[in-house]
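A note on names: the letters A, B, ... follow the listed sequences, proteins ahead of strands, and every chain is numbered from 1.
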Amino acid sequence: MAEENKQKPNNQQEKKALTALLDQTKEQAKALKQRAVEEAKTYAEPEKTQLYRSIFRVKHDDQPRNRALSVLSNVFFHLHPAKINRDAVRYAYTWGMGGITFYVFLVLTVTGVLLMFYYHPTKVQAFRDILYLEHDVPFGKLLRNMHRWGAHLMVITVWLHMFRVFLTGSYKTPREFNWSIGVILLVLTLLLSFTGYLLPDDQLGFWAITVGTSMARATPLLGHEGPFGPQLGMTPYNDVRFALLGGSIVDANALLRSYIWHCIALPLVAAVFMGVHFWRVRKDGGISGPAPVVMESEVKEPRPGPTPVIMKPSGMRES
Amino acid sequence: MDWHQLWEIAAAPDNIPIVALLFLVPFYTWYGLRQALENDRLLARLESDPQMAKTHHRKTFPFKPGWPREVHVWPYLMRIEFLAAIIVTFILMVWSITLNAPLEEPANPNLTMNPAKAPWYFLGLQEMLVYFDPWIAGVLMPTLIIIGLMVIPYIDANPLGNGYYTFRQRRIAILSFCFGFLGLWVLMIIIGTFIRGPGWMWFWPGQTWDHNRLVFEVNRDLHQTFPFNYLVPNHWIPVALFGGTVLALYYLAAGYLVHRLMTGNEFTRKIYKRMSLLQYLTIQFFFVTMVGLPVKIALRLLLRIKYVWVTPWFNV
Amino acid sequence: MPEEPVHDDPIVSQSMSGPLLVASLLLMVSLAWALYDEFVGLRPWKSYQEQFVHLYTQYLEKTTTEQAAAEQALRGSSAFRQIEQRLKEAEEAVAPQVSAIDSEVSLLDRRIAILTDLFATARGEVTAVIYRAETTSSEARRKRLLEQAERIKRGPFEARLPVPDGTLERVKYNYDELDTEYNRLKARKSSLMAERVKLLEHATALRKERDAYIQEHLVGLTEQQMRALLRKMETFDIEIKQIHIVQTDLVDRCESCHLGIREPLTLTAADLGGEKAFASHPTPDLLRVHDPERFGCSPCHGGNGRAVASVIQAHGRYKHWLWPLYARENVQAGCQSCHARDMVLEHAEVLNRGKELYRLRGCIGCHRFEGFDDERERLQAARQRIRDLQTQKAEDQLEIDRSIRAGDRAATNEEAQRFYARAENLRVASSGIDAEIEQLRLRTRDLLLEEKVIGPNLKEIRLKLHRDWIPVWITNPHEFRSTTKMPRFRLEKDEVQAIAAFLWQAAIPGELPRQPRGNAARGRELVETRGCLACHALGEGENAVGGDFAANLSRVGEKANYEYLVRWIANPRQRTRPYCPLEKRDLTPEDYAKHALPFRFDRENAVCPNDGEELRVEHMTVMPILRLTPEEVRDIATFLMTQRRQDPSSYAAADYMEDPGLVERGKSLVRNYGCAGCHEIAGLEEEGRIGTDLTAEGAKPIERLDFALLTHDAKREDWYDHKGFFERKLSNPAVFDQGKVKEPLERLRMPKPNITPSDITALTTFLLGSVEPGYGFPADYIYRPTDRRRDIQAGWWVVTKYNCMGCHQIRIGQPSVLMTLPAYQTPEGKEKLPPSLVGAGARLNPEWLAKFLANPALSETDIHRNGVRSYLEVRMPTFGFTVGEIQTLVRFFGALSAQAQPYIPPTLEPLTDREMVMARQLFTHPAAPCLRCHATGNPVHDRTVNAPNFLLAKERLKPDWTRRWLLDPASIMPGTAMPSGLFRQEGDHWVFSGPHPESFRGYRGDHAELLVRYLFQITPEEQRRLVGQLASAAGSPNAPAREVARSVVKSH
């Protein structure tokens, strides 16, 4: 009996407390919702977020200044100047070959790295691995084809690039040096392709390399079949060809060497020279043209000394 | 006419690049020269009309006052680069899906491939092996080519045509480069691919590549050919001397012709004056040497002459 | 100030969205294409598998019902019902006990489950505490912990365990109790299970029996199994099915499309919608021997096992794949790659035929092939070795003298000793060398005898042939004899004349002693009965009768000389003159005269009087000596002379053959065409083989096969491969000279072999498979047995070399030539056949066999008969095997019937007197009169017999085989005259089925064994006596054995 009496008031007290608590939480929930909604609104314009700024450093509305910044402040784009000669964007002038070459080089790097996952440069496994790539690896065939055809494509584009640069006389002052670097890059491209040839270790590659390197035999002074080679004590076992192949015949060592040249040494060197190449393009005042034509009559008589000097014709801008 | 054979060569996956060259190179040559000629016409007009020369923006491309001389890389260049990237990727994808990279039998040192061809981009040099000893074709020439290319900017004293296509202002330069690039490099590659069959023998397009084909040709050295075979005693000293002299004579003669060429008209003479002796001699050397190739090729193909200069250590 | 884009400026205003959109779309398309290519284009097997699942399921559903019906019928059968019934009874008999056990077990299981849990927890807690105790440092703490462990152990551990009545009982254990209880329950359970098995033993056996019954009587699979297959199809997942053999890194995915290959039931293309790819393997037996899981597919069949992108790729039928799939008709080439050393191979009849042809058609004469007839090579090797040893010996001798002299001169004593010792050792060593040389000499002698050639010895044509016939033959052998082995050479007329002239004039001149004529009719009979027809044939074309191993005799009469025939038939090995390999010429009587020796040469006198070299004293022919009497010989020869179409005189006279002027040219031609490869020709005995070595021809790079001017046609018409080359070359060896301009001597020399299209396929198969080890398959797959299978390998070479299979059956299911002849089709004829050698190894005592092979007459004096089966007209000839060959054959037969090497005859305890009596009675029992059919050596009696003499048994047979033979001859040699059922089984031993004689009462021994023991000690006298009794007792001795057998069978 007594216990029951005691309980009743307690119950009522509890009820009150409960309702109070309930209301309080309701309040808080509403406030929270409010805040969430407002915050959500702000996401409508992401470029205002800290995350965005941290990545892109500046906000990019379509202001001339920002257009410039978006290039300058982007590690990938900053190879370019902010602004360029209005006609330089025309395909007719550049043929886009330089850019395409670079792009293909990137494609080759990616596919090449993927291929490296599946390839062992050993006599036993090399050929087997190619079969494996062709028949087992998902997209392996595509991968290999892209790498090979990409390599061919790169050779072609490099040549056309050089051709264009010559036709537009872009190697002339102040770009002489960059042209020379370009030539080196051309050679590197060919070497890259050549060293890759042997890797499948099939008849095609084997004999291509055999023919190719057999020329090294005939290197003057350094080859055992070249002029004055024998006189200088060159034999098949110490001449330059031996150095290239790591042996007197195309064999396991040759495979390993061409693999290392192909996958590590040459790409690194090429990358360095590319860096210089692009950097010089910028430092030599961007791409050469299309520049205003210059008339013969405007060519000034040279000062004594070999370096030719050109007067600035009107309408030509500072570079 | 053996179409099947022709198709076999052209359709070989590894020859696709050469087939592509067949179209790309002529196209771009035309594409470039066309602009060159336009510019030349413009130049002609400017020369004739000083007034216009003062005001004209000096490009064949349209230009109106008020138009910006420069545009933003973003988006005007970027978008083109982007487009190019997409297209190249597309081409590469289709190419790779439709054509398989060749994979032949496992390497077998005991079984010589016939014809054993170098990678296609070196076929030019391999072709040169027919006409020159390996040490020239395989070592000397590549070196000279590389050096030659690298020195171009330093020997080309012609200040004009920097940054725009032009032919009139750079006749010699352009002609000689085209001669080297198109005639001696690309053409040789095409010959090496389509013409050179088993045994590196000469097969006209559409001729069947027969592994058993036999051709009879005797190649004699210059000093053995009439009338020199009577004049030159058959001992290495006179032979070497004779060859050396012939070569020297060639260089002198060709050098003279080149000189005439380079001082042909008043403009070229102007350029010639700008050159230092070193520049001039370098030009002479590379020029004459380059012209030497077709000469030697002609000697070989037409007169069946193997060597001009024979010494105990090397032959040229 | 920000510059606004000017709107008429094309560069700025022009939009690029259009091109960008198009390009991006194209890129997307190409990506989609790449994906499609990856998942569909390059994965044709997916559709194959879907199709297979569909078709196979259909097929299974169809057949399952049929099978089910059949099975039902079977289950309906009384036999089955019986078993079922018995099974049911057996099960019911033990049902109560079993169910009791089951219920108890289930209860136990529940209890154990609970206790396990409890016990595990307890143990965990205890061990943890103890571990801490073990690892703690302070002694006090340790004690405390151990006490704690004790406390825990004391428990109590409580659990509520189920009890039979379904309620739960509350139990309390301490740790140890818990432990014991737990283990007790487990033990109890296992004992119960064991008991259960014991109870059901009988039932299980019956169940097995029942299932076995179904398995045996049902053709194909049971319904259950079919259902299983169907389920497999339901849960079939589309994926590459591959065999990967790790140690050889072999990957074969053939079964990704060929899904039916290893299905348990035989599937034909017709069963599965005509899709060939789904048919199951034609010879499952082969798969049993070569388990695909161990051998894969491509090692045997070729093809690119890894590729699955397309049929062409997978079958390796593209330019740069070196190991394309073998064509259907050449599929057995795959066997050759690993089994090159097997002359005869199960399941590979085509290949076997190819190898046979390679040898019999004389390909081997020009083309070396590893392992084929390499006696000459081994001979040269042996001679070389001898020379080396001799030089070494000479050096040793010098060294010996030197050291002795040194010893004499030595300062100190022990130094001298040292030198002498050295000399001594060397002397011993060189005596060892002598021994080796002697061995090698014997070997060379044997090899000289073992070396055979296909063609006859042309040194004897003057004695043997009709002169004018020779050019006719050389011009075109096939025209004269359509079945000849001699290939046809492409010869100009003048070439033929030169060759003929050379051969004629190089041959040994002289005359053979005249011989009286014999009786042709008798001769014919002999040829037909003595067994000549096992190798030779009579009659031409359609009506040719006999084997094709040797020449067809139908026109011998036109070419041969009677006297020579007589000599030849009497002893084909007999030479006119011996040949000395060292002097490279035939020795003349003069050579012997020089050394005052009689002109005698044979196996005993085979040393050159001039230089002591081993001589060749026999013709290099495999034709054996038939041990015919001189009369028989003359009869046969006379008969053969009648075998002619036209008279020899009708051949155009060829007097130019006497013209010495032609000899030189002739010789050079003979050398050029390599005639010496198959014939022995004066002056060209040591000529090498002129053709290419074909050992690895199948692996030769295609570029090395000279298609000459046909290369391009071959490529266009798609036969530019080994198969194409071989087939065309074989059908027309000159084909690759087509259109070429060549000097006569530069032309392709290979003659046109006399072979049919099927032969060409066989040879092509053989060549295609002939590759070097590891070419397209792992090298360690090559079949190089080391056990008795090697004896079998070796044996076949000899067996085929001498055509044993002409007369004997050796492999089960392989008929001998004679068996196929009309004369031997009747029952009487069958009894005239030579014995089948299937199981000979089990039957015959090896020592005896060796003796028999050396001399089948088993006698030096009475030789014109068969040593064993004197009653047969067919004669086991004397092959003149060398010791080596005999050994090979003996081991071969032993190995064929899986006999242990070497054979140790069991010892039979001698008969007691009583057993003697009993055995004799059994032996002569009227119900089984052994002697009625078995020879006894008594000529009168032996005229009627058809079984060997018992006196041979002791030496000849193996006792255990003899016993098996007595019990059930029919199973050992179907169709034998020996009656079966002579004995019947009683418990563990066999007793005579006829009425037992008195003496047998109470005898517990095995009757068959008794008889065997008797037979192995029977003496001539004994036998003679018994024959006498028999003759008096039995009425006619001519009663055929079969009736006897029948009477026996009746009698029980």
Spacing of [X] atom [atom1] and [Y] atom [atom2] [to the nearest 0.5 Å]:
X        : Y        : atom1 : atom2 : value
C:His320 : A:Leu204 : NE2   : CG    : 8.0 Å
A:Asp136 : C:Arg253 : CG    : CZ    : 4.0 Å
C:Leu35  : A:Phe139 : CG    : CZ    : 5.0 Å
A:Leu131 : C:Trp321 : CG    : CH2   : 5.0 Å

For [X], does the [atom1] atom have more than 12 heavy-atom neighbours from other residues, nucleotides or ligands under 6.0 Å away?
X        : atom1 : result
C:Arg294 : CZ    : no
C:Tyr775 : OH    : yes
C:Trp323 : CH2   : yes
C:Leu31  : CG    : yes

Residue part contacting chain C, namely of A:Asp87, when any heavy atom lies under 4.5 Å: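 For A:Asp87, heavy atoms of backbone and side chain both lie under 4.5 Å from chain C.
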A:His135 to C:Arg306 - nearest heavy-atom pair and separation: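 Heavy-atom minimum between the residues: CB-O, 3.9 Å.
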Shortest non-hydrogen separation from C:Glu38 to A:Val137 and the atoms involved: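 So the two residues come closest at OE2-O, 4.3 Å.
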Winner by heavy-atom pair count (cut-off under 4.5 Å) against chain A, out of C:Asp249, C:Val251, C:Val308: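 Heavy-atom pairs under 4.5 Å are most numerous for C:Asp249.
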Contact class of C:Asp37 relative to chain A, heavy atoms under 4.5 angstrom: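 C:Asp37 has no heavy atom closer than 4.5 Å to chain A.
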